[in-house]
Amino acid sequence: MPELPEVETVRRGLQPVMEGARILSVEIRRPDLRFPFPPDFVARLTGKRILSLGRRAKYLTAEIEGGPQLICHLGMSGSFRIEEGGAETTPGDFHHERSKLAAHDHVVFHLATPKGRKSKVVFNDPRRFGFMLFSEGPEPHPMLADLGVEPTGNSLDGRLLADLLRGRKTPLKAALLDQTLIAGLGNIYVSEALWRAGLSPRRLAGTVAPRKVGERAERLATAIRSVIADAIAAGGSSLRDYVHADGSLGYFQHSFSVYDREGEPCRKPRCGGTITRIVQSGRSTFYCPVCQR
DNA sequence: AAGTGAACCTGAAGGC
DNA sequence: TGCCTTCAGGTTCACT
C-alpha cells in the first residue's frame with residue numbers, strides 16, 4: 001500500500017505515541033523480514049528514548065537517544081497499529097495482559113509514552129518486503145543516500161523536473177517511478193499524476209522538455225506535487241480516528257481518477273475516453289488514451 | 001550507462 | 001468445496 005503519502009500518514013499517526021516515548025522492551029517474533037534484524041537490535045533499543053520520528057521518501061526514520069537511527073520500510077504490505085494502554089501506574093490494566101497478536105505481527109514495541117501511559121506499537125507485514133535497520137553516524141545510510149528530490153514542498157518545479165528527465169529514453173512512467181530522480185512516488189500516484197498532467201505514461205521521458213523547460217514540465221511538476229499533497233491531506237483527515245477498530249494506521253479510502261479504473265469513463269469533463277490498463281516493465285499502468293498525450 | 005525483467009513472499013480474488 | 005492461476009501499492013539484482 002504504502003507510497004509516500006501513506007508513509008507520511010503512518011508517521012503522523014505514530015508521532016504522538018512514539019515521539020519522546022521510552023522503549024520499555026522490544027519483541028521480534030522471527031529472525032528476519034526482508035533482511036535479518038541486526039544482531040543487537042533489541043539490546044540497542046531497550047530502555048532508550050525515541051527523540052523524533054521522520055520520513056525520507058517511503059522510509060520511516062526514528063532518532064534513538066544516544067544511539068543509532070532506526071530506518072524502517074513498509075515494503076508492499078507493512079503496517080503499524082497502536083494498542084493504547086492505561087496509566088502507567090494503574091495496576092491490572094490491559095498492559096498486564098498478554099495481548100493477542102495476529103498472524104504476521106513481527107515486531108512489538110512496548111512504550112512508556114510522554115504522557116505517562118503505556119502503549120504497544122505493533123508492526124505487521126504478511127509479505128515481509130519491509131525491514132528495520134540501523135543507520136550509524138552522520139552519513140546517510142546507503143539505502144537513503146541515492147534518493148532523489150521529495151515531491152513535497154516546492155523544490156520540485158518545472159525546471160528541476162525538466163533537468164531530471166532530459167535525455168531519458170525510458171517511458172515517462174518508469175522515470176517517475178525511479179526513486180533516484182523523484183523519491184516517494186509509487187505505482188498509484190504516478191498514474192494519477194500523469195492523468196492530472198494530461199501526459200501519456202508511454203511518452204519517452206526526455207520528450208517532456210526536450211530543450212527548454214516548457215509548459216509540459218511545469219504542468220507535470222504541478223500535477224505531481226498536488227497529487228501528493230492531496231493524498232497526504234486525505235490521510236491526515238483519516239487520522240482523527242486512528243485508534244479506530246484495530247488501530248491500524250495509514251489505510252484510508254482513496255478515490256482515484258485512473259488507478260484500478262480500467263474500462264470506466266475518464267473523469268475529465270467532456271473527454272469521453274475510457275480508462276485503459278497497460279503493462280509497463282511488468283507493472284500495471286492506468287491512463288486515458290484520449291486526454292493523455 | 002541505461003533500461004528491462006525476474007526474484008523476493010504471502011494472501012486475495014477469480015475461473016473451472 | 002477445492003484447486004489452480006493471476007495479481008498486488010516496493011526494491012534489488014542480473015542481464016542485455
Side-chain angles (χ1 to χ4, degrees), chain A residues 1-11 29-37 55-60 71-80 102-107 123-133 140-148 151 163-195 201-207 224 227-228 230-232 234-235 238 248-263 275 277-287:
Chain A
M1 329 269 310
E3 300 183 28
L4 186 156
E6 288 75 25
V7 177
E8 177 60 21
T9 300
V10 168
R11 188 190 72 78
R29 309 188 61 241
R30 51 173 299 127
D32 56 20
L33 295 172
R34 175 168 196 169
F35 308 119
F37 287 98
R55 179 194 58 74
R56 174 74 169 104
K58 303 170 191 171
Y59 298 83
L60 281 170
I71 297 177
C72 173
H73 198 288
L74 301 177
M76 291 274 263
S77 58
S79 66
F80 281 97
H104 310 301
D105 284 347
H106 302 311
V107 185
F123 180 70
N124 181 287
D125 185 7
R127 291 177 75 178
R128 302 203 306 277
F129 289 165
F131 56 83
M132 295 188 193
L133 295 174
H141 191 276
M143 212 145 244
L144 309 185
D146 294 329
L147 292 170
D163 288 347
L164 291 173
L165 299 181
R166 190 166 294 124
R168 301 201 172 255
K169 295 190 171 70
T170 192
L172 187 48
K173 158 83 184 298
L176 296 185
L177 276 178
D178 185 340
Q179 302 294 299
T180 70
L181 301 178
I182 302 170
L185 296 183
N187 208 38
I188 291 180
Y189 294 113
V190 165
S191 279
E192 295 296 306
L194 287 170
W195 179 81
R202 315 165 66 153
R203 165 192 287 279
L204 295 195
T207 67
I224 291 169
V227 159
I228 294 300
D230 290 354
I232 290 176
S238 81
S248 60
L249 294 172
Y251 294 78
F252 45 93
Q253 273 312 313
H254 303 265
S255 60
F256 300 124
S257 298
V258 284
Y259 185 81
D260 209 18
R261 293 194 64 239
E262 181 180 19
I275 305 307
R277 173 184 178 270
I278 60 174
V279 174
Q280 293 179 293
S281 41
R283 316 197 60 194
S284 288
T285 304
F286 299 87
Y287 78 114

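Note that these values count all heavy atoms, side chains included, but never hydrogens, waters or copies made by symmetry. Here is how names work: the chains are called A, B, and so on, in the same order as the sequence lines, proteins then strands, and each is numbered from 1. This one's a predicted model, so the numbers in the text were calculated from it and none came from an experiment.
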Side chains of Ile228(A) and Leu185(A): does their closest heavy-atom pair fall under 4.5 Å?
yes
Please give the distance between the P atoms of dC3(C) and dC9(B) as a whole number of Å.
23 Å
Would you sketch DNA chain C in dot-bracket for me? Only Watson-Crick or G-U wobble pairs with both distances under 3.5 Å count, crossing pairs as [ ], other-strand pairs as |, the rest as dots.
.|||||||.|||||||
Whole-Å distance between dC8(B) C1' and Arg30(A) CZ?
13 Å
Side chain to side chain contact (heavy atoms under 4.5 Å, CB included) filter on Thr180(A), not counting sequence neighbours, yields Asp146(A), Asp178(A)
Only counting residues at least two apart or in another chain, list the ones meeting side chain to side chain contact (heavy atoms under 4.5 Å, CB included) with Arg277(A).
Glu262(A), Val279(A), Ser284(A), Phe286(A)
Can you give me the N/O atom pairs linking the protein to nucleotides 11-13 of chain B at distances under 3.5 Å, or say none if there are none?
{"residue": "dG11(B)", "atom": "OP1", "partner": "His104(A)", "partner atom": "NE2", "Å": "2.6"}

Please enumerate all residues that pass salt bridge (Lys or Arg N to Asp or Glu O under 4.0 Å) together with Arg127(A), with sequence neighbours excluded.
none
Counterpart residues, side chain to side chain donor-acceptor pair (under 3.5 Å), relative to Arg56(A) (two or more places apart):
Glu150(A)
Those residues that, when tested against Arg202(A), pass salt bridge (Lys or Arg N to Asp or Glu O under 4.0 Å) (two or more places apart):
none
Can you list everything that forms a salt bridge (Lys or Arg N to Asp or Glu O under 4.0 Å) with Asp32(A)? Sequence neighbours excluded, please.
Arg30(A)
Take the protein atom CG of Asp125(A) and the nucleotide atom C1' of dG10(C), then report the distance between them rounded to whole Å.
11 Å
Looking only at the side chain of Phe129(A) (C-beta and beyond, no hydrogens), which of the listed nucleotides dA8(C), dG3(B), dG10(C) gets closest?
dG10(C)
Going by heavy atoms in the side chains, are Leu60(A) and Val7(A) under 4.5 Å from each other?
yes
So, is Ser284(A) close to the dA8(C) phosphate, meaning a side-chain N or O under 4.0 Å from OP1 or OP2?
yes
Residue set satisfying side chain to side chain donor-acceptor pair (under 3.5 Å) with Arg128(A), at least two apart, ordered chain then number -> none
Nearest whole angstrom, please: distance from the C1' of dA8(C) to the CD1 of Ile188(A).
10 Å
Between CD of Glu262(A) and C1' of dC7(C) the distance, given in whole Å, is 13 Å
Whether Thr170(A) contacts dT4(B) is assessed here as follows: a side-chain N or O lying under 4.0 Å from the phosphate OP1 or OP2. Is that the case?
yes
note: Lys173(A), atom NZ; dG10(C), atom P; distance rounded to Å ~ 9 Å
For Arg29(A), which residues count as a side chain to side chain donor-acceptor pair (under 3.5 Å) partner, sequence neighbours excluded?
none
What is the separation between atom CZ on Arg128(A) and atom P on dT10(B), rounded to the nearest whole Å?
4 Å
Please identify each residue that fulfils side chain to side chain donor-acceptor pair (under 3.5 Å) with Asp230(A), with sequence neighbours left out.
Arg196(A)
When rounded to whole Å, the CG to P distance for the pair Asn187(A) and dG10(C) reads 6 Å
Rounding to an integer number of Å, can you tell me how far Leu176(A) CG sits from dG10(C) C1'?
16 Å
Given side chains that start at C-beta, do those of Pro151(A) and Leu4(A) come closer than 4.5 Å, heavy atoms only?
yes
Please write out the pairs of protein N or O atoms and N or O atoms of nucleotides 11-15 of chain C separated by less than 3.5 Å, giving the distance to one decimal.
{"residue": "dT11(C)", "atom": "OP1", "partner": "His73(A)", "partner atom": "NE2", "Å": "2.8"}
{"residue": "dT11(C)", "atom": "OP2", "partner": "Lys58(A)", "partner atom": "NZ", "Å": "2.9"}
{"residue": "dT11(C)", "atom": "O2", "partner": "Arg34(A)", "partner atom": "NH2", "Å": "3.3"}
{"residue": "dT12(C)", "atom": "O4'", "partner": "Arg34(A)", "partner atom": "NH2", "Å": "3.3"}

Under 4.0 angstrom between Tyr259(A) side-chain N/O and dG9(C) OP1 or OP2:
yes
